[in-house]
Amino acid sequence: MGAGQRALETRERRPHAPLLRIDFESVDGELWIRDYPSSTGPIGEPYWPDNVLPPASPGARRWEWRKEVRRSAVQRRWRAWERRTKDFERQLADLHAGACKREVPSR
């Protein structure tokens, strides 16, 4: 059974499900299809998500906040930045996975 036949059978079981049919020919190229949520930026930004950058580190923002400075206020900034960076990496991984990413319930 080919992919087209499977798509038709799925359509019969779920008549309101979206269906994408593509007739694609290429001499030298690829076609990538990703399903992203509408709240992300791939439509207006052709290089998305490669142009999404992590938050700037405290040291990149101000010289006196570089990592080597041992003042407690500076170290708090670095710990907060590390948390924000981990959150950013998780969110970016979710965006790369697309809208069809399987949701895992949190405990």
NZ/NE/NH1/NH2 to OD/OE distance under 4.0 Å, E82 and R76: no
Test side chain to side chain contact (heavy atoms under 4.5 Å, CB included) applied to P54 - qualifying residues, sequence neighbours left out: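 Side chain to side chain contact (heavy atoms under 4.5 Å, CB included) list for P54, sorted by chain: F88.
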With K86 via side chain to side chain contact (heavy atoms under 4.5 Å, CB included) - residues at least two apart: R90
Minimum-distance pair of heavy atoms, taken over all atoms of S57 and W78: CB-CH2, 3.7 Å
Nearest heavy atoms of V69 and E64, plus distance in Å: CG2-O, 3.6 Å
Separation between CZ of R77 and CD of Q75, rounded to the nearest 0.5 Å: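 The distance works out to 11.5 Å.
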Atom pair CG (D87) and CG (L92), whose distance is rounded to the nearest 0.5 Å: 12.5 Å
Geometric cation-pi criterion, R66 with W63: 6.0 Å, 45°: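 Yes, R66 sits over the ring of W63.
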Sequence-distant partners of R70, salt bridge (Lys or Arg N to Asp or Glu O under 4.0 Å), two or more places apart: none
Contact check, side chains of T85 and P55, non-hydrogen atoms, under 4.5 Å: yes
